[in-house]
Amino acid sequence: MPDPEVPARSRFPPGFAKISSAALLTTGPLTAGGDAVPSPILRVPAAMVRGPSKNELIESESRPEPTFVNAPEPTKSPLNVVLALLAPTVIVPPRWTSWLVLPVSEANVLSLASTRPPSIRRGPPPVPPRPCASMRDRERSTVALFRIVPGTSAGPTPPSPICNVPALTVVGPLQIVAESIVSLPGPVFTRPPPAPVNQSARQIKGLGRPPCYNFRSMESQYHPRAIEPQVQKRWAETRAFVAPDASPKPKYYCVSMLPYPSGKLHMGHVRNYTINDALYHFMRMKGFNVLMPMGWDAFGLPAENAAMANGVPPGQWTRDNIAYMKKQCQAMGWAIDWTREVATCSPAYYRWNQWFFLRLWEKGVIYKKTGVVNWDPADMTVLANEQVIDGRGWRTGAVVEKREIPMWYMRITQYADELLDSLDGLGWPEQVKQMQRNWIGRSEGVEFTLPYAPETAKRMADGKAGLKVFTTRADTIMGITFAAVAPEHPIATEAAKDNARLAVFIEESRKGGVQEADLATMEKKGMPTGLFVLHPFTGDPVEVWVGNYVLMGYGEGAVMAVPGHDERDFAFAQKYGLEIKPVIDVGGQPYSTGAWQPWYEQHGRNVNSGNYNGLEFQGATDAVAADLTAKGLGAKRIQFRLRDWGISRQRYWGTPIPIVQCAKCGDVGVPDGELPVVLPDNLVPDGSGSPLAKTPSFFETRCPKCDGPARRDTDTMDTFVDSSWYFLRYTCPDAPSMVDERAQYWAPLDMYIGGIEHAILHLLYARFWTKAMRDLGLVKIDEPFSNLLTQGMVLNHIFSRRTDKGGIEYFAPEELDITSDEEGKVQGATAKKDGKPVSYDGIGTMSKSKRNGVDPQDMIERYGADTARFYVMQASPPTDTVLWSDESVEGSFKFLRRLWAMVHDHVSAGIVPRFGSPSPIGPPGSGTWGGEGRDEGLSKELQDLRFKLHKTIEKVADDYGRRMQFNTAIAAVREMLNLYTDLKDHSPVARQVAQEVLEDAVLLLSPIIPHAATALWAELRPGTGLLEQPWPAVDASALVQDTIQLVVQVNGKLRGHLDVPASASKDQIEAMALANDDVQKFVNGQKPKKVVVVPGRLVNIVV
RNA sequence: GCCGGGAUGGCGAAAUUGGUAGACGCACGGGACUCAAAAUCCCGCGGUGGCGACACCAUGCGGGUUCGAUUCCCGCUCCCGGCACCA
């Protein structure tokens, strides 16, 4: 009891004011005058932070040193003190001196906490506080005082243990100095009286603190920093997520697209792997043997770029990144089976790329031909499309050229039909299947030859009869007025020999990169060659043009042009004054050669087409094809848009192609026994061509066939090769073959999760690769991914600036001062480093190269992994594209804290058997666990709560398992818990329902917040483990309803509600609706024209 | 340019098969508690009009189908993803 005689101020240094609630805790020894010892463990509830008021400080720099009653020697104190500020918004301005006042018990356990000490109160003496139970019999309180020494410089991260604590804003570095241990008469702080049993949970919550603390059974506050490492340690010790390769349970194999180890995780990863993790836990609870592995897509361009920038070899950079990101993954608590980790840059992995390459080469599925690449003439090197900005090299600013070089190709087109057909059976999003269909682009058309005119034939002398073209509009063949060829086409080359202007044009056309988007949007230019081919039917001469938009290597590098019915040909013909000849009549719609109209392209009836007049599309096409065949000039053909997959890269950081080039024997495969061809991992590229080609120790070798001197292929494989089968290697990462029987157990994937940006290339290559493996007898599956979830992109703002050279430099948002208009739209920015303006490039995917990724580390450190996981899952559905924002993270943390408090409140009063269905797992010897009560006899309130609970269990299961929409699952649980906290009933049976509600709520949320759920479950069901729990069962008896509410509309507008018996017939409902007052007001005596009754939903009365 | 997707309060979003538009949150405003704050709790929160009961308007824009449209159809605008060497 405080001594009323002692003035409040006498106990504390004068001018103390509360800064914030905080907690203090300890493990290490307290040393006076030194920093408090950092500790990750927090076990104490909110205490006080006290300090002089701001005003006083301004008035007076120096304060009198406090004096204390019975202050012992601090150095002799046996106390272990750890300090942690918990309140999210403690602000300690520079130049303040603040104090932490901590009550401590003699037993070396910090106890107690709480509200305001009576001593600080002004005015009349306070009502004597009730002492805390644990201190009631003590006459004196021991208090530890810590002084927070203010710093002088401002900065967000103080060099003190406090920086490890969530959401502490400290202005200026902090130093914590243990000041004194004092003994005060009576309890220093009080706690509120225990809540009466009939008080609602929300009211209890309203007091801002649990009614009683019992540190031995449960912490009163949510401390993710303490819980998460403990839980993770436990998982690691018990190998909780290591999946057996055989099990009586059905298998469930779920994989996320493996990350590129760019340095740090970003929010897209957090989203991706948290979705996967939630699914992991859900399916495990549903009784499956679940496997969730992880690996690293460790080859690729960024490692080379980093090497160039920092001089660190790609291998080292990559391994360092992997180590860091793996730690982050572990801190996120994802249920990854790390025993199966695969890094694609390890020889043990990529040797199978090489081995498989050789098998496909033997089968003719891999072949060599020339391909077009971006060439930087300044660096004399091949550029990736990403490295070409506006037609120039990103480092040199030099205008990029197209160049043809020999490359290895995979004959994916051989599988085109199967890749198209087997899409139908896949459990993939329809949009992705559609994109793949369009990409494969099967089209039926006619391939034919436009014979060379006699003059041209003489000049060409290439042994060919003419110009081969393909068309899907053979019906318009009579509308051909010219032909166009690529600049590299032999006809163009021939014509340029005596045409200087044409030669210049062809040279000009080489400029610029090879990206389709650029080619499709550039200005279409052309030039006549003066050479002619003949129309296959009329024999009329048709002039051959060179078009910069026609690409060699796509088809035959030549197209027929029908400007009358093709928009691009029309525009080209108009530009160069070429003839436009309409030959199709679309339902009599007008035709004018002056302006393009959309219907010119539609199918219709042939006119102006000689023999084909009057025929419709199909008939005309058939007739044209038949006539061409008769003349030996062509035939119908199926054409695919899909092109063979070029896998050669003139880069260093990739799988070496296992080929030796021998002057005598040509290309020779490296014998299996010599695999892998190991990539030297200590080279540093300089941007001028592949380092491998400059490293004789790598490329100098002997021919395996003739043993003569030979040179290795210094190209490496496309990284899509690595990612085409890694998911099979996970199943058997140590197998002495490419895959073994374990792959047969796990494959195919039951769920594959990754970004929508991979909808076409990666997914198509992996499908192709799987089929190729199947055809070599390595796997038995036709398709790798039975189900697919395509995650939406996480976007962020992009800022860039041109470098002096003409290259491009990207800026991370935190490196900039950004200006926005009133609506919050970004207007511009300046770089912090030099104050110069930076241009805003809009919004785009988070990526390393654009430097706009957001590292989750800060969020994990402030709030813990569960909050980060919860936040990304509750914000939006997985498939939605999201613009990054962390505005409402705080709200997610608060929810977890609230959930913690709810369970704490309940557990503090003692756990009870849950209501309803018997617990499948109970603590040892608890026969009564589970109760046998049913809904009979429950109050309306409890019935409603149980109805809601069991509806929620159903909904959440549906959301997790079928819809994969986690935000609505979380919302449903929150709704249910809101109902729970409003509960007025606190009878014993209500406590049983509460037990049921809290247990199930923890189970429902456990896939998303597994750490917190583990800790909460341990409180609710001591002695049992969360991971062993099955998904909660739905109690059908809780879902029985006798009345249902219908919506009543008049003329489609909501006019009222109607409670009807669940068994009511349509007629009864109609009669009740018509009798309804709200309805009568609007029906206004008119006779209803029609009454629509939708059972279980609504009644609509039409008047 | 072509292919796929998206647009709903100040913000993230919900409405699952054409059936109550805005669940659940964030932010904000008001209140309780406090000397004061933090934390916590309670109330309010699309717009317009009205003291109010309530009425009307409202899901990017313009049309249409329907008893009823965020949802289906037609035509646009803007944004995002992919376009074969970023991964």
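We use all heavy atoms of the structure for the numbers below, so side chains are in, but hydrogens, waters and symmetry mates are not. Lettering follows sequence order; numbering is per chain, from 1.
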K.L.:
In whole Å, measure the gap between the P atoms of B:U70 and B:U20 for me.
P.N.:
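Here B:U70 and B:U20 have their P atoms 10 Å from each other.
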K.L.:
Side chain of A:Arg962: nearest nucleotide among B:G12, B:U20, B:U16?
P.N.:
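The answer is B:U16.
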K.L.:
What's touching nucleotides 56-59 of chain B from the protein side, N or O pairs under 3.5 Å?
P.N.:
{"residue": "B:C57", "atom": "OP2", "partner": "A:Lys1053", "partner atom": "NZ", "Å": "3.0"}

K.L.:
Examine B:A39: is either OP1 or OP2 under 4.0 Å from a nitrogen or oxygen in the side chain of A:Arg898? Give yes or no.
P.N.:
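Negative; the distance criterion is not met.
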K.L.:
State whether A:Gln965 places a side-chain N or O below 4.0 Å from either non-bridging phosphate oxygen (OP1 or OP2) of B:A15.
P.N.:
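Yes, within the criterion.
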K.L.:
Is any side-chain nitrogen or oxygen of A:Asn967 closer than 4.0 Å to OP1 or OP2 of B:A23?
P.N.:
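Checking A:Asn967 against B:A23: no side-chain N or O falls below 4.0 Å of OP1 or OP2.
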K.L.:
Tell me whether the guanidinium CZ or amine NZ of A:Arg974 lies under 6.0 angstrom from the six-membered ring centre of A:Phe895 and within 45° of its axis.
P.N.:
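Output yes; distance and angle both within limits.
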K.L.:
For B:A21 versus B:U8, give the span between their C1' atoms, rounded off to a whole number of Å.
P.N.:
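Approximately 8 Å lies between the C1' atom of B:A21 and that of B:U8.
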K.L.:
Is it the case that more than 12 heavy atoms not belonging to A:Lys433 sit under 6.0 Å from its NZ atom?
P.N.:
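Above 12, so yes.
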K.L.:
For a stem of at least 3 consecutive Watson-Crick or G-U pairs with distances under 3.5 Å, i pairing with j, i+1 with j-1 and so on, which stems involve RNA chain B?
P.N.:
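B:1-7 with B:77-83, B:10-12 with B:24-26, B:28-32 with B:40-44, B:46-49 with B:54-57, B:60-64 with B:72-76 - these are the stems of 3 or more pairs that involve RNA chain B.
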K.L.:
Under 4.0 Å, counting only non-hydrogen atoms across every strand here, what does A:Arg963 touch: a base, just sugar-phosphate, or nothing?
P.N.:
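Since a base atom lies under 4.0 Å of A:Arg963, the category is base.
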K.L.:
Could you run down nucleotides 63-87 of chain B 5' to 3' and tag each one B, S or - for protein heavy-atom contact under 4.0 Å?
P.N.:
----B------------SBSBBBSB
K.L.:
What integer number of Å spans the C1' atoms of B:G9 and B:C80?
P.N.:
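That atom pair is separated by 23 Å.
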